[in-house]
Amino acid sequence: MIIAIVIGVSCLFWIIAAILFVCAKGVDRRISESKKDCVEKTTATVVDVEEVYKRNVDTYNYTWYPAYEFYVNGERVVQKSVIGTEKNSVQTGQQTILYYNPENPHMIYVPAENQTSVSAILKIIGIAFVICGCLAGIIGFVVSKNM
């Protein structure tokens with residue numbers, strides 16, 4: 001009975017790790033596609049920073065989403081970022097370099113947003129779950145041999 005529980009726990013850790021690695025791969029793919037498609041470089045100005053309140057079961061936090069203004073062929077484009085930031089990391093009026101897709105200027109890539117950190121965090125947590133899954137399997141094996 002104990003062996004079945006330990007195998008189940010170990011498998012659960014491995015499944016969660018696999019899900020995290022798949023999510024990290026998706027983030028990497030999205031970043032790669034954005035870099036490939038967004039080839040026109042421009043200087044943009046932060047015109048707004050939207051504060052979004054997010055509540056979980058017992059906690060809450062705020063995330064800030066900057067809106068960037070830039071011009072393409074004389075036309076004003078305002079695009080809100082899909083990457084949330086910390087409160088003081090972006091200020092209204094701040095200028096930054098961004099890249100946009102010339103066929104769809106609302107598709108942007110902002111190097112300063114450091115989107116690769118999301119992927120790295122998912123991978124690190126995934127590795128931790130792999131290690132926990134291995135440890136659970138080893139502990140289960142040792143316990144079953146001592147019974």
| request: Among residues two or more places apart or on two chains, list those pairs meeting ring pair (Phe, Tyr, Trp, His ring centres under 6.0 Å) that have a residue in residues 118-139. | output: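 For residues 118-139, and leaving out neighbouring residues, the ring pair (Phe, Tyr, Trp, His ring centres under 6.0 Å) pairs sorted by first residue read Phe13-Phe129.
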**Message:** Tell me which pairs pass ring pair (Phe, Tyr, Trp, His ring centres under 6.0 Å) where either residue lies in residues 31-55, with sequence neighbours left out.
**Reply:**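 Every ring pair (Phe, Tyr, Trp, His ring centres under 6.0 Å) pair that includes a residue of residues 31-55, provided the two are not neighbours, is Tyr53-Tyr60, Tyr53-Tyr62.
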Please report the shortest heavy-atom distance between [X] and [Y], naming the atom on each side.
X: Val78; Y: Ala67; answer: CG1-CB, 4.2 Å
X: Pro66; Y: Val90; answer: CB-CG1, 3.7 Å
X: Met107; Y: Asp37; answer: SD-CB, 3.9 Å

Exercise. Under the ring pair (Phe, Tyr, Trp, His ring centres under 6.0 Å) test, which residues partner Tyr68, sequence neighbours left out?
Worked result: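 Ring pair (Phe, Tyr, Trp, His ring centres under 6.0 Å) check on Tyr68 returns nothing, list empty.
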Return the [atom1] to [atom2] distance between [X] and [Y], rounded to the nearest 0.5 Å.
X: Ile139; Y: Cys134; atom1: CD1; atom2: SG; value: 11.0 Å
X: Gln79; Y: Asn104; atom1: CD; atom2: CG; value: 8.0 Å
X: Leu98; Y: Tyr109; atom1: CG; atom2: OH; value: 11.0 Å
X: Ser119; Y: Arg29; atom1: OG; atom2: CZ; value: 11.5 Å
X: Lys25; Y: Ser32; atom1: NZ; atom2: OG; value: 8.5 Å

Item to check | All pairs passing salt bridge (Lys or Arg N to Asp or Glu O under 4.0 Å) where residues 120-131 contributes a residue, at least two apart | outcome: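 Listed by first then second residue: Asp28-Lys123.
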**Asked** So which pairs with a foot in residues 101-112 pass salt bridge (Lys or Arg N to Asp or Glu O under 4.0 Å), sequence neighbours left out?
**Response**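 As it turns out, there is no salt bridge (Lys or Arg N to Asp or Glu O under 4.0 Å) pair with a partner in residues 101-112 once direct neighbours are skipped.
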For Ile97, all residues meeting side chain to side chain contact (heavy atoms under 4.5 Å, CB included), sequence neighbours excluded: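 Expected list: Lys41, Thr43, Tyr99.
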Mind checking side chain to side chain donor-acceptor pair (under 3.5 Å) for [X] and listing every partner two or more places apart, or none if nothing turns up?
X: Glu50; value: Lys80
X: Gln94; value: none
X: Tyr71; value: none
X: Ser81; value: Glu113

Open item on the list: Main chain of Gly133, side chain of Ser10: is a donor-acceptor contact present, judged purely on distance under 3.5 Å?
Closed with: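 The answer is yes, because a donor-acceptor pair under 3.5 Å joins these two groups.
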Determine whether [X] and [Y] fall in the same hydrophobic cluster, where Ile, Leu, Val, Met, Phe, Trp and Tyr are linked whenever their side-chain heavy atoms lie under 4.5 Å apart.
X: Ile31; Y: Leu20; result: yes
X: Ile15; Y: Ile5; result: no
X: Ile125; Y: Ile19; result: no
X: Val110; Y: Val47; result: no
X: Tyr65; Y: Val27; result: no

Q) What residues join Trp14 in its hydrophobic cluster, counting side-chain heavy atom gaps under 4.5 Å, either direct or through other members? A)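 Once heavy-atom contacts under 4.5 Å are chained together, Trp14 belongs with Phe21, Ile127, Val130, Ile131, Leu135.
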- prompt: Who passes salt bridge (charged side-chain N to carboxylate O under 4.0 Å, His left out) against Glu69, sequence neighbours left out?
  reply: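 For Glu69, the residues satisfying salt bridge (charged side-chain N to carboxylate O under 4.0 Å, His left out) (neighbours in sequence not counted) are Arg76.
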Check: Can you find a heavy atom in the side chain of Asn101 that is under 4.5 Å from one in the side chain of Pro105?
Finding: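 With C-beta onward as the side chain, the pair stays apart.
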